[in-house]
Protein chains: 2
Amino acid sequence: MPKTARSKKQKPAKESSTEERIKEAARRLFTLKGFAATRTRDIAEEAGINLALLNYYFRSKQKLFDLVMLENFQQFIKGITVNFMDETLSFDQRIERIVEAYVDMLTRLPDLPMFILNEIRGNPSKIAAKLQMEIAPMRQNMFTQLITSNEAGKTNLEPFHFIANLIGLTVFPFVGRPILQRVTGVTDDQFQQYMQDRKRLIPVWLKAMLTPPK
Amino acid sequence: MPKTARSKKQKPAKESSTEERIKEAARRLFTLKGFAATRTRDIAEEAGINLALLNYYFRSKQKLFDLVMLENFQQFIKGITVNFMDETLSFDQRIERIVEAYVDMLTRLPDLPMFILNEIRGNPSKIAAKLQMEIAPMRQNMFTQLITSNEAGKTNLEPFHFIANLIGLTVFPFVGRPILQRVTGVTDDQFQQYMQDRKRLIPVWLKAMLTPPK
DNA sequence: GTCTATAAAGTGATAGAC
DNA sequence: GTCTATCACTTTATAGAC
């Protein structure tokens, strides 16, 4: 007896349907604690429903996780790539856009990068390959820009370092926030303000890094 | 019947004692997959012994984890602070030493920072407070240096950003290595070489960031 | 759709033989 | 010290009533 393969439109009603509530509860807990440390009972409680209902809607913990995981992943990618492919922008402008989009996304979804990093470490092949594909055009564009600029003698920095610096400067403060805030002693409000400041600062820094220090 | 509180010196023999083998197996798995996702059976298998023996030596999964965790943590701290307190060094020289020590440690123990970050997120208070204490003198020193330098008009950067940049540039490539290597398409050997290059580059970059861009 | 009750499987820990 | 066998408990998933 195959299990009630629900047709996706049982409740045309707005949102905050039961299904949605479960999924969002799952997203919070999975993103915060990971797959193994999250119990289906906790998800059910967080969603304010019964355990059995979770399986009624999503069949299994693993399937629910995969769904949340996929959506998180797409959010993460979208936050980066969406502003980059505008052909009317200069290289510098694109960098500004990327940093701004990143900071805004991470401000809204601060647990996302740790989740992605943990998942990739657990399943090196599964998700990383897909990520590579999605990012390929961006990578290609950046690399050619940087390499030609290097060959023209205008800049002097391996593309690898540029990418590492871009992501490190932008993403790390969110990933390392607990340590960083402790060490520097800044409040939550101050932290948010600093992140906003970095939208302006990081592109300037990155540009300075490009030129040969000698 | 209290459980065999072993006196620490049952086997004066060299190392790779059973106890040590279990602990190292536990370190690998805990560091890689975290507490919840690691099963005691897996640790036993990885160590080439039986499950019961794990409990004989360490009493419980939690106690074994706490031990590994503490040692990892101390390694992490030692790697950073050891070179900083040499009073004969200039500020610039200290930064060079810190970056170098960090890169060397992370090259040996690449999974350590993710482990620490995950643990801190799980128990914000438990470990973070201790970390704050250990780092306090370094923080104090850096902050006063930077603030006086800012007030003298020689530099113009919030200490928060300096710390964030220092850690972000140094640690992030190791944390984000799976993504970074995919995106940039570099081999393992190239990655290691780039990390060595960064020992020299990061201090230069940090110094450039200190001066007002205007 | 939603619940209670329970089956089925997994996992940490111990007893007891050697 | 080390093993096998097993207990005790947790957790996922399902059956079945409403």
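Chain naming here is simple, since letters A, B, ... match the order of the sequence lines and numbering starts at 1 in each.
- Straight-line distance from the CZ atom of B/Phe58 to the C1' atom of D/dT2: 15 Å, rounded to whole Å.
- OP1 or OP2 of C/dT2 sits under 4.0 Å from a side-chain N or O of A/Thr18.
- By the salt bridge (Lys or Arg N to Asp or Glu O under 4.0 Å) test, A/Glu45 pairs with no residue at all, sequence neighbours left out.
- With no hydrogens or angles considered, a side-chain donor-acceptor pair links B/Asp66 and B/Gln62 at under 3.5 Å.
- Spacing between atom CG of A/Asp42 and atom P of D/dT11 amounts to 8 Å, rounded to whole angstrom units.
- B/Lys61 places its NZ atom 8 Å from the C1' atom of C/dT11, with the value rounded to the nearest Å.
- Atoms CZ (B/Arg41) and P (D/dT6) sit 14 Å apart, rounded to a whole Å.
- Remark: the B/Asp197 side chain and the B/Gln193 side chain contain an N/O donor-acceptor pair separated by less than 3.5 Å.
- In this structure, CG of A/Asn55 is placed 17 Å from P of C/dA7, rounded to the nearest angstrom.
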Contacts under 3.5 angstrom, residues 105-114 of chain A side chains, donor-acceptor by atom type, not counting sequence neighbours:
residue  : atom : partner  : partner atom : Å
A/Thr107 : OG1  : A/Val103 : O            : 2.7

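- Comparing C/dT2, C/dA13, D/dT14 by their closest approach to the side chain of A/Arg59 singles out D/dT14.
- Ring geometry for A/Phe35 versus A/Phe30: interplanar angle under 30°, hence parallel rather than tilted (30 to 60°).
- Under the salt bridge (Lys or Arg N to Asp or Glu O under 4.0 Å) criterion, A/Arg97 pairs with no residue, sequence neighbours left out.
- With sequence neighbours excluded, no residue satisfies salt bridge (Lys or Arg N to Asp or Glu O under 4.0 Å) with A/Arg198.
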For nucleotides 3-5 of chain D, tabulate all protein N/O to nucleotide N/O atom pairs closer than 3.5 Å, reporting atom names and distance.
residue : atom : partner : partner atom : Å
D/dC3   : OP2  : B/Asn50 : N            : 3.0
D/dT4   : OP2  : B/Asn50 : ND2          : 3.0

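- Not one N or O on the side chain of B/Asp42 forms a donor-acceptor pair closer than 3.5 Å with the backbone of B/Thr38.
- In this structure, A/Tyr56 does not reach the D/dT14 phosphate: none of its side-chain N or O atoms is under 4.0 Å from OP1 or OP2.
- Near DNA chain D, meaning a heavy atom under 4.0 Å away, the residues from residues 26-40 of chain A are A/Thr38, A/Arg39, A/Thr40.
- Checked against B/Gln196 for a side chain to side chain donor-acceptor pair (under 3.5 Å), the options B/Gln192, B/Arg200, B/Lys199 give a single hit: B/Lys199.
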